[in-house]
Visitor: 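Before we start, here is the structure in question, set down as structure tokens.
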Amino acid sequence: MATSGAILVLYLIAHMYGNLKVFAGQEAFDGYAHGLREIGYPLLPESGFLWVFRIVLLASILIHIYSAVALWARARRARPASQRYQVKKRVHRTYASYTMRWGGVLIALFVIFHILHLTVNVISPGGASDSPYERLVNGFQPQFWFVTLFYVAAVIAVGFHLRHGIWSGLATLGVNQARRQPVLNSIATVIALVVTVGFLLPPLAVTFGLVS
Ligand code: HEM
């Protein structure tokens with residue numbers, strides 16, 4: 001869970017940073033998207049690196065989901081059925097596992113929608129386009145406020161997921177000794193906040209007419 005999660009966190013930071021290129025204009029954003037397909041070329045075929053990267057990403061997502069389901073089942077087995085609905089003392093822990101599980105399901109559904117929307121572009125509010133910049137700008141126009149709202153909800157879910165996931169992952173990797181906890185807690189919060197705000201900026205900027 002922690003290792004696949006770490007790969008996904010690194011991907012999200014890079015993806016969020018790349019998305020901010022939308023503020024540099026169409027040429028910069030489309031050039032960046034094109035550049036991703038050229039990495040390793042001509043040593044690798046065109047988009048070769050991107051496909052290796054996609055396979056690693058997909059494997060990480062599947063391992064992450066598999067581990068989550070396995071841990072969920074293990075946690076259920078560890079508690080006798082008679083006590084299953086009587087966990088009152090550890091409200092915080094129950095709250096965290098609840099948001100992680102259902103937040104995770106929402107994020108997985110969002111990723112499927114998001115790929116169909118901005119990568120494959122078969123869902124194309126505002127019109128399909130070969131230009132990643134145009135796909136983004138078309139899709140978040142004010143009349144598609146509900147698309148923006150869905151993205152905002154999903155990105156906030158990603159933020160909560162990261163906040164707890166980074167903290168929990170660091171514990172799994174054994175670096176959460178008591179004296180380090182305040183620092184690790186701050187690191188998890190700062191990374192989650194930066195990723196959330198960074199992801200929210202492009203869709204909101206388009207919806208509010210700052211990017212067109
Ligand atoms: C809310 C702000 C976001 C924007 C504006 C955005 C934008 C984009 C765009 C334009 C693409 C297509 C890139 C291309 O075809 O060149 C893309 C792909 C993708 N995004 Fe996002 N994204 C956002 C948030 C997220 C989040 C929160 C996640 C994950 C939880 C995510 C996961 C992905 C994945 C997995 C792909 C497919 C990558 C590939 O082509 O292999 N994105 N995104």
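Atoms considered below: every heavy atom in the structure, side chains included; atoms not considered: hydrogens, waters and symmetry mates. One-based numbering, in listed order, for ligands and for the atoms of each.
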Visitor: First locate atom CD of Glu134, then atom CG of Asp30, and finally report the distance between them rounded to the nearest 0.5 Å.
Guide: 7.0 Å
Visitor: Pull out every atom of ligand 1 sitting under 4.0 Å from any heavy atom of Ala33, numbered as shown with elements.
Guide: 16 (O)
Visitor: Quick one: CD1 on Ile63 to CE on Met1, what's the gap to the nearest 0.5 Å?
Guide: 11.0 Å
Visitor: How far does CG of Leu162 sit from CG of Leu193, to the nearest 0.5 angstrom?
Guide: 10.5 Å
Visitor: Quick test: of every protein heavy atom, which one is nearest to atom 36 (C) of ligand 1, and how far off is it to 0.1 Å?
Guide: Tyr11 OH, 3.5 Å
Visitor: If you count the atoms of ligand 1 from 1 in the order shown, which ones are under 4.0 Å from a heavy atom of Leu12?
Guide: 28 (C), 29 (C), 30 (C)
Visitor: Would you say Phe110 contacts ligand 1, with heavy atoms under 4.0 Å as the rule?
Guide: yes
Visitor: Find all atoms of ligand 1 within a distance of less than 4.0 Å from any non-hydrogen atom belonging to Arg37, and give their numbers and elements.
Guide: 14 (C), 15 (O), 16 (O)
Visitor: With atoms numbered from 1 as shown, which atoms in ligand 1 lie under 4.0 angstrom from a non-hydrogen atom of Val155?
Guide: 1 (C)
Visitor: Begin from the C-alpha positions of Gln141 and Thr207 and carry the test side-chain contact (heavy atoms from CB on, under 4.5 Å) through to its verdict.
Guide: CA-CA 5 Å; Gln141 287 304 305; Thr207 304; over 6 Å; no
Visitor: So, using ring-ring contact (aromatic ring centres under 6.0 Å, His included) as the criterion, who are the partners of Trp72 when residues are at least two apart?
Guide: Trp102
Visitor: Between Leu201 and Phe23, does the side-chain contact (heavy atoms from CB on, under 4.5 Å) criterion hold? Intermediate values first, please.
Guide: CA-CA 9 Å; Leu201 287 175; Phe23 293 104; 4.0 Å; yes
Visitor: Can you name the atoms of ligand 1, numbered from 1 with element, that are less than 4.0 Å from a heavy atom of Arg54?
Guide: 39 (C), 40 (O), 41 (O)
Visitor: Centres of the Phe53 and Tyr11 rings: under 6.0 Å?
Guide: yes
Visitor: Closer than 4.0 Å to some heavy atom of Val111 - which atoms of ligand 1 meet that?
Guide: 29 (C), 30 (C)
Visitor: Give the other cluster members for Leu210, using side-chain heavy-atom distances under 4.5 Å between Ile, Leu, Val, Met, Phe, Trp and Tyr residues; answer none if it is isolated.
Guide: none
Visitor: In the protein, which heavy atom is nearest to atom 24 (C) of ligand 1, and how far is it?
Guide: Phe199 CE2, 3.3 Å
Visitor: List for me each residue that meets ring-ring contact (aromatic ring centres under 6.0 Å, His included) alongside Phe113, sequence neighbours excluded, and say none if there are none.
Guide: His117, Phe150
Visitor: Taking only non-hydrogen atoms of Val22, do any sit less than 4.0 angstrom from ligand 1?
Guide: no
Visitor: If we ignore angles and hydrogens, is there a donor and acceptor under 3.5 Å between the side chains of Asn185 and Arg163?
Guide: yes
Visitor: Is the shortest N/O to N/O distance between Tyr151 and ligand 1 below 3.5 Å?
Guide: no
Visitor: Spell out the protein N/O/S atoms under 2.8 Å from atom 21 (Fe) of ligand 1 as residue plus atom name.
Guide: His15 NE2, His114 NE2
Visitor: Quiz question: by atom type and distance under 3.5 Å, do the side chains of Arg135 and Ser124 form a donor-acceptor pair?
Guide: no
Visitor: Taking a cutoff of less than 4.0 Å between a non-hydrogen atom of the residue and any ligand atom, is Arg135 in contact with ligand 1?
Guide: yes
Visitor: Aromatic ring centroids of Tyr151 and Phe110 under 6.0 Å?
Guide: yes
